[in-house]
Amino acid sequence: MEKEDLPQLGEWFNKPEVFGEYNPLRQMSRTEVEKILESPLELKPFIIEKKDGSKIGFVAHFYVLHVAGKLLEIGYSLVPSERGKGYCTEAVKIMVDYLFLSRDTMRIQACTDKRNLASQKVLDKAGFKKEGTMRKYFFIRGELRDAFLYSILREEWKEPQILTKTAAQS
Ligand SMILES: CC(C)(COP(=O)(O)OP(=O)(O)OC[C@H]1O[C@@H](n2cnc3c(N)ncnc32)[C@H](O)[C@@H]1OP(=O)(O)O)[C@@H](O)C(=O)NCCC(=O)NCCS
């Protein structure tokens, strides 16, 4: 993501339909959006762009702090009109390739509301495994909701699924 994509990201962050019904509502001022890249979570959003140049969503990596060290986590959202076409699965696979190729990490994790079947399918298809339930993990629309924790380990990834193929073809 480039600095000029910040207004687009801000627009998505402020539209409840982009994060969908299984994510907490969030509101971000322009100033907060401008500071997003300085986040202590080291949040790094990547724009999901189609071949025709249209920007349809994002996949991001960030750190979850833990006394034992930093845990690498990903999150993603697509505009409603582009869902169900396989784009997010492709984006997550590319992100997993990128992170295992560029970081010295053993695992990448993701968490999703228990009711979010589309997101769970994306993680399944990208090779993640369900680790368990995190009870009352998200506060969504006035209620505490359970979430599933997923992860993919380096030894389960084995080799890049998309990234090197794309590089070799170009
Ligand atoms: C979750 C999300 C990113 C998925 O993106 P996507 O590009 O539509 O995902 P894909 O097309 O790669 O795969 C989605 C899969 O879920 C399935 N699916 C979609 N809605 C579903 C539902 N309500 N119940 C069951 N399966 C569903 C699709 O059929 C597809 O499976 P298939 O490949 O076997 O047909 C998208 O729905 C979204 O942006 N949701 C709102 C934000 C969000 O929830 N982000 C995740 C936070 S953890």
Side-chain angles (χ1 to χ4, degrees), residues 1-50 52-85 87-100 102-105 107-120 122-123 126 128 133-152:
M1 196 190 94
E2 303 294 341
K3 231 177 172 178
E4 56 262 30
D5 294 314
L6 280 172
Q8 173 67 88
L9 199 71
E11 200 188 309
W12 287 335
F13 269 50
N14 284 312
K15 271 195 182 157
E17 62 267 30
V18 174
F19 277 100
E21 56 198 302
Y22 305 126
N23 273 296
L25 284 175
R26 53 198 97 189
Q27 264 192 321
M28 288 188 107
S29 66
R30 202 173 303 156
T31 313
E32 286 168 323
V33 171
E34 278 161 10
K35 288 195 181 141
I36 209 166
L37 300 178
E38 300 157 21
S39 144
L41 303 175
E42 299 175 48
L43 177 75
K44 298 258 190 289
F46 287 65
I47 301 289
I48 303 174
E49 196 176 303
K50 293 208 296 190
D52 66 7
S54 52
K55 297 176 180 187
I56 61 167
F58 66 88
V59 53
H61 66 78
F62 50 93
Y63 284 109
V64 179
L65 297 180
H66 189 275
V67 279
K70 295 194 287 189
L71 297 173
L72 197 52
E73 186 162 321
I74 62 164
Y76 38 80
S77 279
L78 241 61
V79 296
S81 59
E82 297 290 350
R83 292 179 193 160
K85 301 176 186 176
Y87 292 135
C88 193
T89 301
E90 192 178 341
V92 168
K93 284 181 179 174
I94 294 171
M95 179 61 99
V96 167
D97 288 349
Y98 167 69
L99 289 171
F100 278 135
S102 64
R103 307 290 164 114
D104 183 17
T105 188
R107 61 180 266 137
I108 301 165
Q109 67 180 46
C111 53
T112 178
D113 186 293
K114 243 178 165 174
R115 299 163 298 165
N116 195 344
L117 300 179
S119 179
Q120 289 162 42
V122 165
L123 294 168
F128 283 70
T133 306
M134 299 188 295
R135 296 176 300 158
K136 301 199 174 192
Y137 191 70
F138 290 124
F139 186 68
I140 301 175
R141 313 294 195 269
E143 286 185 65
L144 286 165
R145 293 287 183 180
D146 292 351
F148 287 136
L149 176 65
Y150 279 77
S151 71
I152 181 167

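Sequential numbering from 1 along the given sequence is applied to the chain's residues. Bear in mind that the values here come from a model prediction, so they are computed numbers and not experimental data.
Salt-bridge check for Lys70 with Glu42: passed, with a basic side-chain N closer than 4.0 Å to an acidic carboxylate O. Ion pairing between Asp146 and Arg135 fails under the 4.0 Å rule for side-chain N and carboxylate O. Between Lys15 and Glu11 there is a salt bridge, with a side-chain nitrogen of the basic residue lying less than 4.0 Å from a carboxylate oxygen of the acidic one.
Across every non-hydrogen atom of Pro45 and Ala60, the tightest pair is CA-CB, 3.7 Å. Here the closest heavy-atom approach between residue Ala126 and residue Ile152 is recorded as O-CD1, 3.8 Å. Between Gly10 and Val33, the closest heavy-atom pair is CA-CG2, 3.6 Å. Listed here is the closest heavy atom pair of Ile47 and Trp12: CD1-CZ3, 4.0 Å. The two residues Glu73 and Ala110 make their nearest non-hydrogen contact at CG-CA, 4.1 Å. Among all heavy-atom pairs drawn from Ala147 and Phe138, the shortest one is CB-CE1, 3.6 Å.
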Original post:
Between Phe148 and Phe128, does a side chain to side chain contact (heavy atoms under 4.5 Å, CB included) hold up when you go through it step by step?
Top reply: CA-CA 12 Å; Phe148 287 136; Phe128 283 70; over 6 Å; no
Subject >> Stepwise side chain to side chain contact (heavy atoms under 4.5 Å, CB included) test for Ile74 and Val92 >> reply: CA-CA 8 Å; Ile74 62 164; Val92 168; 3.8 Å; yes
Subject >> Stepwise ring-ring contact (aromatic ring centres under 6.0 Å, His included) check, Phe19 with Tyr76 >> reply: CA-CA 9 Å; Phe19 277 100; Tyr76 38 80; over 10 Å; no
Original post:
Which is it for Gln27 and Glu32 under the side chain to side chain contact (heavy atoms under 4.5 Å, CB included) test, yes or no, and what are the steps along the way?
Top reply: CA-CA 9 Å; Gln27 264 192 321; Glu32 286 168 323; over 6 Å; no
Subject >> Check against ring-ring contact (aromatic ring centres under 6.0 Å, His included), Phe46 and Tyr98 >> reply: CA-CA 11 Å; Phe46 287 65; Tyr98 167 69; 5.5 Å; yes
Original post:
Should Gln120 and Tyr150 be marked as a side chain to side chain contact (heavy atoms under 4.5 Å, CB included) after you check the CA-CA gap, both sets of side-chain angles, and the distance that decides it?
Top reply: CA-CA 9 Å; Gln120 289 162 42; Tyr150 279 77; 3.4 Å; yes
Original post:
Which is it for Glu82 and Lys50 under the salt bridge (Lys or Arg N to Asp or Glu O under 4.0 Å) test, yes or no, and what are the steps along the way?
Top reply: CA-CA 10 Å; Glu82 297 290 350; Lys50 293 208 296 190; 3.2 Å; yes
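The shortest distance between side-chain heavy atoms of Glu90 and Ile48 does not fall below 4.5 Å. With contacts defined as side-chain heavy-atom distances shorter than 4.5 Å, the pair Phe13/Val18 does not qualify. Residues Gln109 and Val64 form a side-chain contact, since some pair of their non-hydrogen atoms from C-beta on lies under 4.5 Å apart. Under the 4.5 Å side-chain criterion, counting only non-hydrogen atoms from C-beta, Leu72 is not in contact with Arg107. Contact check for Leu123 versus Thr112: side-chain heavy atoms found under the 4.5 Å cut-off.
With values rounded to the nearest 0.5 angstrom, Asp113 atom CG is found 10.5 Å from Met134 atom CE. With rounding to the nearest 0.5 Å, the separation of OH in Tyr87 from CG in Leu78 is 9.0 Å. The distance from the CG atom of Leu65 to the CG atom of Leu41 is 6.5 Å, given to the nearest 0.5 Å. The distance from atom CG of Leu99 to atom CD1 of Ile108, rounded to the nearest 0.5 Å, is 4.5 Å. Expressed to the nearest 0.5 Å, how far OG of Ser77 lies from CG of Leu9 amounts to 10.0 Å. For the atom pair Thr133 OG1 and Leu149 CG, the distance stands at 9.5 Å (nearest 0.5 Å).
Here the side chain of Arg145 pairs no donor or acceptor atom with the backbone of Tyr137 at under 3.5 angstrom. A donor-acceptor distance shorter than 3.5 angstrom exists from the side chain of Asp5 to the backbone of Glu2, with no hydrogens or angles considered. Put simply, the side chain of Asn14 gets close to the backbone of Met28: a donor and an acceptor are under 3.5 Å apart.
Atom CZ of Arg141 has more than 12 heavy atoms from other residues, nucleotides or ligands within 6.0 Å. Within 6.0 Å of the NZ atom in Lys85, the count of heavy atoms belonging to other residues, nucleotides or ligands exceeds 12. Dense packing is recorded around CG of Asp52, with more than 12 heavy atoms of other residues, nucleotides or ligands lying under 6.0 Å away.
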